[in-house]
Amino acid sequence: MTQDPLLTGLAALAADPPDGLLDRIAARWVSVPGPIGELRVAFTDQGVAYVHAGDGFTPAFRKRFARPLLPAERPPAGLLPALRTGRLSGLRLDLRGTSDFQREVLETVRTIPRGEVRPYSWIAARVGRPKAVRAVGTALGTNPLPLLIPCHRVIRSDGVVGDYVFGSAAKERLLLAEGTDLDGLRELAGERVFYLASDTTGVVCFPTCHNARRITPRHRHGFRTLVQAGAAGYRPCRTCRPAQGLVG
DNA sequence: GGGCCGGCTTAAT
DNA sequence: AATTAAGCCGGCC
């Protein structure tokens, strides 16, 4: 029997796969409770990669990620609190497999505070493609991490909540649960008001911006467009940044 | 005010 | 590899 160093080396490799190698190529999954029912969540050594509700989790994951999938003992640290509170606090997200455009869109969406909403057109402007409004919708339609990346906080500029991976009814429920004033928003939309301004601060906001919510009714002025608000002497809020392509 | 195009990214062919 | 059609939208008739 020979002692070819190459063969013994190979045998060692076969017998002793380096620790963590499996984790690098395979994804793990868990089933966890979420705000709209049971969720399947897949994660890698890089972070959470996929959130799925309803049937067809495994085929959907395989089609999308083409990677082995194994059950995990426990959810990654921070996942449950993130789903409960909406705060990721250190939870790693694995966004490999998304395009540059989609990643920019998703990163922008992450900045929308709980209880607030922004239009699709605002996202488009923020990522530097003001005309790619519909493409933003497409990008959100394939958001691999719904709930964790709050694409339910992106609504249509006419005030309608719009579509959602888990259905617009779920979108509405999520927003209400977060304390978003959808009724107020609809009422304003009915009057063609999409921006609120304060004549004490001289600032215009999106209606759900926390600054807008503090405006005393007597000092509040509604506008249909930013241009009109600008003409009336208001400058865009630095917190909710309604301006984008226009005056900064 | 409900449709109809326009514009943009991506998945599929 | 090039082309096409579809998709969580907007804004103008």
Side-chain angles (χ1 to χ4, degrees), chain A residues 34-37 39 49-54 56 59-67 86 95-114 116-178 180 182 185-195 204 206-208 222-231 236 240-246:
Chain A
I36 55 168
L39 301 171
Y50 188 52
V51 171
H52 181 97
F61 177 88
R62 291 200 196 289
K63 178 169 189 219
R64 200 162 164 168
F65 296 90
R67 210 182 223 254
L95 285 177
R96 294 172 299 176
T98 59
S99 68
D100 290 346
F101 176 77
Q102 185 176 25
R103 197 158 38 250
E104 286 179 64
V105 166
L106 295 177
E107 292 300 342
T108 306
V109 168
R110 292 180 67 181
T111 69
I112 307 174
R114 192 183 169 80
E116 302 188 22
V117 292
R118 301 286 181 271
Y120 290 94
S121 55
W122 179 80
I123 306 283
R126 288 240 67 178
V127 301
R129 289 166 194 68
K131 290 190 269 197
V133 178
R134 196 167 181 186
V136 168
T138 304
L140 295 188
T142 58
N143 175 10
L145 298 170
L147 301 172
L148 296 177
I149 296 178
C151 63
H152 58 280
R153 295 181 195 150
V154 185
I155 70 168
R156 290 180 9 181
S157 46
D158 61 3
V160 177
V161 290
D163 224 325
Y164 184 52
V165 241
F166 300 151
S168 41
K171 187 174 185 175
E172 196 165 323
R173 264 183 277 131
L174 285 167
L175 290 173
L176 289 173
E178 292 183 347
T180 311
L182 285 185
L185 219 48
R186 277 193 273 259
E187 190 175 336
L188 291 174
E191 304 161 5
R192 296 290 172 276
V193 168
F194 302 107
Y195 303 93
V204 224
F206 284 119
T208 58
F223 291 95
R224 185 170 63 78
T225 69
L226 259 191
V227 177
Q228 292 170 351
C240 63
R241 301 179 104 61
Q244 295 326 310
L246 311 176

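Quick note on labels: first sequence line is chain A, next is B, and so on, each numbered from 1. Fair warning: this is a prediction, and the values are worked out from it, not measured in the lab. For the numbers below, each heavy atom of this structure counts, side chains included, while hydrogens, waters and symmetry mates do not.
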Quiz item: So how far is it from A:E116 CD to A:I155 CD1, rounded to the nearest 0.5 Å?
Solution: 11.5 Å
Quiz item: Taking CD from A:E172 and P from C:dC8, how many angstroms apart are they, rounded to a whole number?
Solution: 18 Å
Quiz item: Is any side-chain nitrogen or oxygen of A:K131 closer than 4.0 Å to OP1 or OP2 of B:dC5?
Solution: no
Quiz item: Taking everything shown except A:E187 itself, do over 12 heavy atoms lie less than 6.0 Å from its CD?
Solution: no
Quiz item: Between A:L140 (CG) and C:dG10 (P), how many Å, whole number?
Solution: 11 Å
Exercise. Using a cut-off of 6.0 Å, state whether more than 12 heavy atoms not belonging to A:R62 lie near its atom CZ.
Key: yes
Quiz item: What nucleic acid atoms does A:A135 come within less than 4.0 Å of, heavy atoms only: base, sugar-phosphate, or nothing?
Solution: base
Quiz item: When the distance from CZ of A:R224 to C1' of B:dG1 is rounded to whole Å, what number comes out?
Solution: 13 Å
Practice problem: Quick one: pull up CD in A:E172 and OG1 in A:T180 and give me the separation to the nearest 0.5 Å. | Solution: 10.5 Å
Self-check item: Integer-rounded Å distance: C:dA6 C1' and A:D163 CG
Solution: 14 Å
Quiz item: Rounded to whole angstroms, how far apart are CG on A:L147 and C1' on C:dC8?
Solution: 14 Å
Practice problem: Test for a donor-acceptor pair under 3.5 Å between the base of C:dG10 and the side chain of A:R156, counting only N and O atoms. | Solution: no
Quiz item: Is there a side-chain contact (heavy atoms from CB on, under 4.5 Å) between A:R118 and A:R126 once you walk through the steps?
Solution: CA-CA 11 Å; A:R118 301 286 181 271; A:R126 288 240 67 178; over 6 Å; no
Exercise. For B:dT9, take OP1 and OP2 only and decide whether either is under 4.0 Å from a side-chain N or O of A:T138.
Key: no
Quiz prompt | Selected nucleotide, minimal atom distance to A:A132 side chain, candidates B:dC8, C:dC9, C:dC8 | solution = B:dC8
Quiz item: Does A:W122 use its side chain to pair, donor to acceptor, with the backbone of A:V154 at less than 3.5 Å?
Solution: no
Quiz item: Would a 4.5 Å heavy-atom cut-off, applied to side chains only, mark A:N143 and A:V165 as touching?
Solution: no
Quiz item: Hey, is the side chain of A:R129 poking within less than 4.0 Å of OP1 or OP2 on B:dT9, counting only N and O atoms?
Solution: yes
Quiz item: Starting at CZ of A:R118 and ending at P of C:dC9, how long is that distance when rounded to a whole Å?
Solution: 18 Å
Self-check item: Bracket string, DNA chain B, 5' to 3' - pairs by Watson-Crick or G-U geometry under 3.5 Å, | interstrand
Solution: .|||||.||||||
Quiz item: Hey, does A:F101 reach any base, or is it just sugar-phosphate, or nothing, if we go heavy atoms under 4.0 Å?
Solution: sugar-phosphate
Quiz item: How close or far is atom C1' of C:dC8 from atom CZ of A:R153, stated in whole angstroms?
Solution: 16 Å
Practice problem: Using atom CD1 of A:I112 as one end and atom C1' of C:dC8 as the other, report the distance to the nearest whole Å. | Solution: 13 Å
Self-check item: Touch class at under 4.0 angstrom, heavy-atom based, for A:V165 against every strand present
Solution: base
Quiz prompt | Among B:dC8, B:dG1, B:dG7, the one nearest A:R192 by side-chain distance | solution = B:dG1
